[in-house]
Amino acid sequence: MTSAITVSIGGISYAALNPRELESRAQTVADQATCRTVDTAIVGYLMNNGEEPTAISQLDSYVRGDISKYRIVNGIADGPGCADLR
């Protein structure tokens, strides 16, 4: 029990002394878009323009983050984390 507490305190102390690394990791995670994010952007685009987007680049202004690994297939997002619905 004592060792677990000591290791835990050591990890917390390291994190507290290295906030730039934590901030960098947090920003990297925040910048990664998900499949759901891209699907939501597709719906937003459709509502604003009355037609489905045909290229992922059309969604850039609808998403904050990197969506370059995604594509649009049959009107839905396809890429990392997306269920294969085809």
Is there a side-chain contact between Val63 and Thr40 in this structure, where contact means two heavy atoms from C-beta onward sitting under 4.5 Å apart? no

Is Ile72 close to Val38 at the side-chain level, that is, under 4.5 Å between some pair of heavy atoms? no

Can you name the residues that form a side-chain contact (heavy atoms from CB on, under 4.5 Å) with Asp39, not counting sequence neighbours? Cys35, Ile42, Ile76, Ala77

Which residues satisfy the side-chain contact (heavy atoms from CB on, under 4.5 Å) test with Gln58, sequence neighbours excluded? Tyr45, Pro53, Thr54, Ala55

Which pair of non-hydrogen atoms, one from Gly75 and one from Glu52, has the smallest distance, and what is that distance? CA-OE1, 3.5 Å

Suppose we screen for side-chain hydrogen bond (donor to acceptor under 3.5 Å, both in side chains). Which residues come up paired with Ser68, at least two apart in sequence or across chains? Asp66

When rounded to the nearest 0.5 angstrom, what distance separates CZ in Arg71 from SG in Cys82? 10.0 Å

